[in-house]
**Student:** 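One structure coming up, written as structure tokens, with questions to follow.
No experiment lies behind these values; they were computed from the predicted model shown. Lettering of chains follows the sequences in order, A, B, ..., and the numbering in each one begins at 1. Side-chain atoms are counted along with the backbone in the values below, which use heavy atoms only and exclude waters and symmetry mates.
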Amino acid sequence: MDYKALSELLFPDVTNTPEALEEQYPPRDLPEGAVVSRMGPSPTGFVHLGNLVQGITSERMCHQSGGTLFLRVEDTDSKREVPGAIESLIRGLAHYGINFDEGATVDGEKGAYGPYKQSRRAHIYHVYAKKLVSEGKAYPCFCTEEELQEIHAREEAAKENFGYYGKYAVWRDRPMEDIKAALAEGKEWVLRFRSEGSIEHKIKFTDLIKGPLELTENDIDHVLLKSDGIPTYHFAHAVDDHLMRTTHVVRGDEWLPSLPLHIQLFSALGFRLPKYLHVGTLQKMDGASKRKLSKRKDPELALSFYREQGYPVPSVYEYIMTILNSNFEDWRRANPTAPVGDFKFSPKKMNPAGSLFDEDKLRDVSKEVISRMTAAEVYDGVLDWAKEYDPDFAALLERSPDYARAILAIGRGGKKPRKDFAVWSEVKPYMSFFYEELFEPDYTPPEGMTPEEMANILRAYYRQRMQMWHEKHTMLEPDGNEWFENVKALAESLGYCPDTKLYRQEPEKWKGSAGDVSMALRIAICGRRQSPDMYSVLKIMDGDDPDVSGDFFMGRLERAGAALGANTSEWNSK
RNA sequence: GGCCCGUUGGUCAAGCGGCUAAGACACCGCCCUUUCACGGCGGAAACAGGAGUUCGAUUCUCCUACGGGUCACCA
């Protein structure tokens, strides 16, 4: 068989040579140890957690080593392409801090190793296809889909392995005349790889995540070029990652089974094999069993899900880091304020198996992340989220930013910051009582206290405030301790024990403790039983912000008093 | 069915021939505390099973079981 002639017959228009391409795409001039990697998404759907897991891994590997990360769009299957998918992918990843040094962009591409869309690289693949044919390493196959199905059926009946190999590889050694005849008939053909492998042989391989592996050699003559002349993933992977000078391939471990083919391909093409990192896929619980997260079945796989829920970007990022690198949490505890980029990411620390996605853990990480933010950062985060998902709340936040920030600053900073929310959507209920528009009070008195008694406490407190106003022209003590001292004094005058410990020893001697009085105030002012520190709350309500101008908390006392059946108009009189 | 990968508490996970088998989340109890949210202390909870190698196996080898992945002109 004259392979050279065959290659001319199949690719008459291809005149470029591998050598010329080598020159056009020279090895990159990068420091020793710099990692060059890529993301190769197919534009077939939404951005999901898997993309992010793989993306973060590649990104860290590259940028931590002073290397290059690029984006290559693997759009070799036009049938499945979804319009706009590339753009949403790029934006989604950028949102999570994954930025590409080169490759496809929203409005084109940048970099010297393009084109970065596989659909525009046909001329390049054909150069290598022609070379393989001329060397007898690839051949045309004219089987129709029906014939292929028939082969599969025969294999099944004979209990043999599936695939196009050995005696089932019917076009593998056809004479030139047959090929010419088929071509003359105008039959469609694909280009197949002539595998020299045998399933009797094992190959040793070391994956950077999974460690040493023993795989069975590939003996199947896989398709390299589809009948439309566009390559399959396998062929494109070999050609592209070689010409784009990829040093490390990061991909899901569902690719492991085709690794033997890829190894053969690189070898047949005379390319140096890159390093591989096969990342375990994220699992989820489905009833009683685990399974791979599926794009179709699991909405929580989409990154947009976390956005809607209101998980801050760094929360999701750090959660994924805890899954990816088992020592990340320890590092974070030791370096609570360091930027995530300072963490030394290591493929050796990656779990070789797939992890179960755990939203409880995500929530915990997120609370931690938010607790480390400043009030201003929290404000910006909530506002951003609310603008999109709760415009009414966004309007409230924007009406008086300083007021909102002051509220969010309660209990923030210091050694033991509050951890009230994991997602932005929880902020609104948390701070709702600060806004008249959102205030939905429940004036049920504290345990064991009658409405009359509670109203009585409110009246006493109200009067204490009025007196303070007359004497000092202020409604609120300058500091929290002093404030609580006054609450205790008031409590005692009403027959409540000022000291909680004392009260516990002899509860029968008192109506209750200062805590009960404080709780009555809390319920009146916040309309609920839980709130952050009362003095901090009052401090904000006593401010001069337009949102609380006037006697804001005094008004709250009166309103509660009225709701409890008191005649509040007499509160002002002697 | 073939091939491959995996299997430590409910979940995530340290461990790399000798340990009372870390830690985190969730759960439970106690403490702190004027409520809540934190924080502190403590508890329950695991090496899938069986052979072998070894003085000694969670750790190495083999077998079985289970889980997952993959067997397209999809990536």
**Student:** Look at A:Lys511 together with A:Glu453 and state whether they make a salt bridge at an N to O cut-off of under 4.0 Å.
**Tutor:**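 Judged by the 4.0 Å cut-off on N to carboxylate O distance, A:Lys511 and A:Glu453 do form a salt bridge.
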**Student:** Contact class for A:Val223 vs. all strands (heavy atom < 4.0 Å): base, sugar-phosphate, or nothing?
**Tutor:**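 Sugar-phosphate contact only - A:Val223 comes under 4.0 Å of backbone atoms but never of a base.
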**Student:** Is A:Arg192 touching bases, backbone alone, or none of the nucleic acid, heavy atoms closer than 4.0 Å?
**Tutor:** sugar-phosphate
**Student:** Is there a side-chain contact between A:Phe70 and A:Thr246, using heavy atoms and a 4.5 Å cut-off?
**Tutor:**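 A:Phe70 vs A:Thr246: side chains touch.
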**Student:** Categorize A:Lys348 for me: base, sugar-phosphate, or nothing, with a 4.0 angstrom heavy-atom threshold over every strand shown.
**Tutor:**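 No contact.
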**Student:** Is A:Phe484 stacked on the base of B:U34 when the test is centres under 5.5 angstrom and planes under 30 degrees?
**Tutor:**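 Yes; centroid distance and tilt both under limits.
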**Student:** For A:Thr76, which contact category applies under a 4.0 Å heavy-atom criterion: base, sugar-phosphate, or nothing?
**Tutor:** sugar-phosphate
**Student:** Output the residues of residues 517-529 of chain A in contact with RNA chain B, where contact means a heavy atom of the residue under 4.0 Å from an atom of the strand; sort by number or write none.
**Tutor:** A:Ser518, A:Met519, A:Arg522, A:Arg529
**Student:** Once hydrogens and angles are ignored, does a donor-acceptor distance under 3.5 Å link the base of B:C74 to the side chain of A:Arg80?
**Tutor:** yes
**Student:** For nucleotides 14-17 of chain B, tabulate all protein N/O to nucleotide N/O atom pairs closer than 3.5 Å, reporting atom names and distance.
**Tutor:**
unit_1 : atom_1 : unit_2   : atom_2 : d
B:A14  : OP1    : A:Ser326 : OG     : 2.9

**Student:** Given the P atoms of B:U34 and B:C47, what is the spacing between them in whole Å?
**Tutor:**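 Taking atom P in both B:U34 and B:C47, they lie 44 Å apart.
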**Student:** Remember a base hit wins even if backbone is also touched, and classify A:Pro532 as base, sugar-phosphate or nothing at under 4.0 Å, heavy atoms.
**Tutor:**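 Contact class for A:Pro532: base.
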**Student:** Let me have RNA chain B in dot-bracket notation, would you? Count Watson-Crick plus G-U wobble pairs, both distances under 3.5 Å, and use [ ] for pairs crossing earlier ones and | for inter-strand partners.
**Tutor:** ((((((((.[[[..)..(....]]].(((((.......)))))....[[[[[..)....]]]]])))))))....
